[in-house]
Every structure is written in C-alpha cells, then in structure tokens.
Asker: 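Below you will find the structure I want to go over with you.
Positions are given from 1, in the same order as the sequence printed here. It should be emphasised that the depicted structure is a prediction, and the values quoted were computed from it without experimental measurement.
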Amino acid sequence: MIKQCSVCEARWIGDQLYWDTGKEGCPHDLAGLLCNDMEDGACINPCKGSTSGQTWEKRRLFLKGEEF
C-alpha cells in the first residue's frame, strides 16, 4: 500500500519512507528537515515532532566541519 502526504508529497510503501530518488529514507530525517517546520496538521509522517534525525542546523554544522 502506497501512502502519500498531501502536504509535502513524501511517499511511504508500507511503513518505509522513500525519497523521490527511490532511495529508502528515514522518517526522523524528514521530520527534522521538513515536517517539524510545517504548520499544516495534515502531515502523515508518524515521526513528526522527532528531533532524533537530521536537521538543517546539523547539516550546517557538518558542512562547517563542526560536530553536532
């Protein structure tokens, strides 16, 4: 069964998130990079609110060579 978020168009096959590239994704990363910043309550990411995945701040620190 394929589920698609009406807010960001992310897709899940069963319980697995897949990026547009077809590569498996982590819903915690999606939450930190997108879902947590969206106001729309229609988001279907079961990990919305999670801070355990990637965030834009973590990526900025990584690019600067700093630890996070």
Asker: With a 4.5 Å heavy-atom cut-off, do Lys3 and Ile13 have their side chains touching?
Answerer: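 Not touching, per the 4.5 Å side-chain cut-off.
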Asker: Hey, could you give me the SG/CG distance between Cys47 and Leu30, rounded to the nearest 0.5 Å?
Answerer: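 Spacing of SG (Cys47) from CG (Leu30) equals 9.0 Å.
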Asker: Out of Cys35, Pro46, Ser50, which residue meets the side chain to side chain contact (heavy atoms under 4.5 Å, CB included) rule with His28?
Answerer: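 With His28 as partner, Cys35, Pro46, Ser50 yield a single side chain to side chain contact (heavy atoms under 4.5 Å, CB included), made by Ser50.
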Asker: Would you compute the distance between atom CG of Asn36 and atom CD of Glu39 and round it to the nearest 0.5 angstrom?
Answerer: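 Rounded to the nearest 0.5 Å, the CG-CD separation comes to 11.0 Å.
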Asker: Please answer whether the main-chain N or O of Arg59 pairs with a side-chain N or O of Lys64 as donor and acceptor at a distance below 3.5 Å.
Answerer: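 Such a contact is absent between Lys64 side chain and Arg59 backbone.
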Asker: For Glu24 and Tyr18, work out which heavy atoms get closest and say how close.
Answerer: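 Minimum heavy-atom separation between Glu24 and Tyr18: CG-CE2, 3.4 Å.
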Asker: Is Trp56 close to Arg60 at the side-chain level, that is, under 4.5 Å between some pair of heavy atoms?
Answerer: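 Yes - at least one pair of side-chain heavy atoms lies under 4.5 Å apart.
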Asker: Which atom names give the shortest non-hydrogen contact between Asp29 and Gly53, and what distance separates them?
Answerer: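 Heavy atoms only, the tightest pair is OD1-CA, 3.2 Å.
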Asker: Quick one: does any side-chain atom of Lys48 pair with a main-chain N or O of Met38 as donor and acceptor, under 3.5 Å?
Answerer: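 Indeed, once roles are kept as given, a pair shorter than 3.5 Å links the two residues.
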Asker: Over all heavy atoms of both residues, which pair between Ile44 and Gln4 is shortest? Give the atoms and the distance, please.
Answerer: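 For Ile44 and Gln4, the tightest heavy-atom pair comes out as CD1-C, 3.7 Å.
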Asker: Taking all heavy atoms of Cys5 and all of Ala42, pick out the closest pair and write down the distance.
Answerer: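 Of all heavy-atom pairs spanning Cys5 and Ala42, the closest is SG-O, 4.5 Å.
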Asker: Heavy atoms only: give me the nearest Cys8-Leu34 pair and the separation to one decimal.
Answerer: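 Smallest interatomic distance, heavy atoms only, reads CB-CD2, 3.3 Å.
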Asker: Are the side chain of Gln16 and the backbone of Gly25 linked by a donor-acceptor contact shorter than 3.5 Å?
Answerer: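 It does hold such a pair.
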Asker: Donor-acceptor pair, distance only, cut-off 3.5 Å: does the side chain of Trp12 make one with the backbone of Ile2?
Answerer: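 Looks like no, no N/O pair under 3.5 Å.
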Asker: Rounded to the nearest 0.5 Å, what's the gap from CG on Asp37 to SG on Cys43? Could you check?
Answerer: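 Between atom CG of Asp37 and atom SG of Cys43 there are 11.0 Å.
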